[in-house]
Amino acid sequence: MKQIIITAMLLTCMLNASAQEQTRLDNMFNELTPLIQKGITTTRGNYGKGQTTTISQVRIGFNEYCSKTICGEDGEFFSDSIWNEFTSNKVTHETNDYILNIVRHHLDSIMPMAEECYHFESHNQGIDTIRYSICLHSGKNQTKRHDSKQGNYSYNDVPGTETVSFSYDSKQKSCGRHFQGEGHLKYSRTESVPDRQSAKKSIPFEWAEYMQTVTPLLSQQGVTQRKFHWLLDSFIEDADKEYIFGTTVYLGDGKHSVKGETNGTMYFIPRDQKALADSLLKQVDFTTQNYIYQHPEQMYVYWFNPQFHSINPPQEYQYHELLRTWANESNPYNHFLIVCSDVRGYYFVVCETRGAMWFPREWGVLKSFVNGKKTYIKGMK
């Protein structure tokens, strides 16, 4: 039985982190991007504590195909590939090992530069456990927590904090013959809102002011507009078949509400005008970034790297949430800017929601969706 244990270590280093570490982490994510199907997610947000937090994260993992002849009724995740299960699983493992090696290489390279770091690995007959907790900068009044379930350390998002964490586990599947693995890689950096901005306090997002900067872009020639209305008063069965995603409103005492009403405008560019769509997306993205960096005290969350993808059947749609803001005492609405595409073309979905937000799967063809009753755009049902 082969077993490798890399002893857990807590290192206090004399070297301070420099700008190069961010570059090194960028290189790691750039190497991973073409290998990860769903890509890297990077957000920047002010969540109400007088600070902004930037997070880059990605899910890493594999799931071996089962064989009906070998696994029988105990199997799961059977292959539809023209390759046999052995060949498919071999390629899956090679890709997963390559990804893990990239992560190890880059994380190992920054550990000597960290203020504190922790690394643990265990490998035993296909069962793998990998943990990294790296604190490049600890920030003021930082406290460290040990997660006994995950087996690693985590740090609070206080200003001045810069951390990297990686948690990975593999296990045997129910058939007893195959394996699956899952991991989460996360980089986080927290900064104070500059002193010049509202005495470091977070304030509600000025949606109307922001829209003054992007509406002229969305109203240019070649872009058509239409209004829409979505309403949900209570939970419905098979919600996942009707909605791409949804939010809930916390009522206290462990209770949540799904009730919500959304109104908005869709800005549409035909499929044969992708150059226009891409140009407009760059303008909107640049304008949005410019706004949030000029107003870091306002509360929001922004998703980097929005893209339009051409959709070919059997694909139905693609979406990327670009900006979200929250209701407050003076404004009862949450606001969203979502970038979408389908077989017809490309969309900017701008909406305001009172209560919970539920985004229909048929968003591109619906004029309204009220408590399960759909009204389609003429000629699009």
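Worth knowing before you read on, the calculation uses all heavy atoms, side chains too, and leaves out hydrogens, waters and symmetry mates.
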Inset, instruction - Verify whether the ring centers belonging to Y319 and F245 lie closer than 6.0 Å. - result: yes

Inset, instruction - Report yes or no: does R271 contribute a side-chain atom to a donor-acceptor pair with the main-chain N or O of D342 at less than 3.5 Å? - result: no

Inset, instruction - Would you please say whether a donor-acceptor pair under 3.5 Å links the side chains of E64 and T92? - result: no

Legend entry - Lys/Arg-Asp/Glu bridge criterion (N-O < 4.0 Å) met for K171, E182: no

Legend entry - Short side-chain to backbone donor-acceptor contact, Q298 and I203, under 3.5 Å: no

Inset, instruction - Verify whether one side chain among T129 and S122 offers a donor that lies under 3.5 Å from an acceptor in the other. - result: no

Inset, instruction - Could you tell me whether F308 and Y347 have their ring centroids closer than 6.0 angstrom? - result: no

Inset, instruction - Could you tell me whether E191 and R189 make a salt bridge, using a distance below 4.0 angstrom between a side-chain N and a carboxylate O? - result: yes

Inset, instruction - Give a yes-or-no answer on whether the side chains of S138 and E115 include a donor-acceptor pair shorter than 3.5 Å. - result: yes

Inset, instruction - Write out all pairs satisfying salt bridge (charged side-chain N to carboxylate O under 4.0 Å, His left out) with one or both partners inside residues 320-333, taking only residues at least two apart or from two chains. - result: E321-R324

Inset, instruction - Scan W230, F228, Y243 and name whichever one has a ring pair (Phe, Tyr, Trp, His ring centres under 6.0 Å) with F359. - result: W230

Inset, instruction - Sequence neighbours left out, what passes ring pair (Phe, Tyr, Trp, His ring centres under 6.0 Å) with Y291? Give chain and number order. - result: F205, Y210, H295

Legend entry - T213 side chain to T287 side chain, donor-acceptor N/O pair below 3.5 angstrom: no

Legend entry - E121 versus H119, side-chain donor and acceptor atoms under 3.5 Å: yes

Inset, instruction - State, without any angle test, whether E261 and H229 hold a side-chain donor-acceptor pair at a distance under 3.5 Å. - result: yes

Legend entry - Presence of salt bridge, D169 and R131, under 4.0 angstrom: yes

Inset, instruction - Please check if the distance between the ring centroids of F304 and Y302 is under 6.0 Å. - result: yes

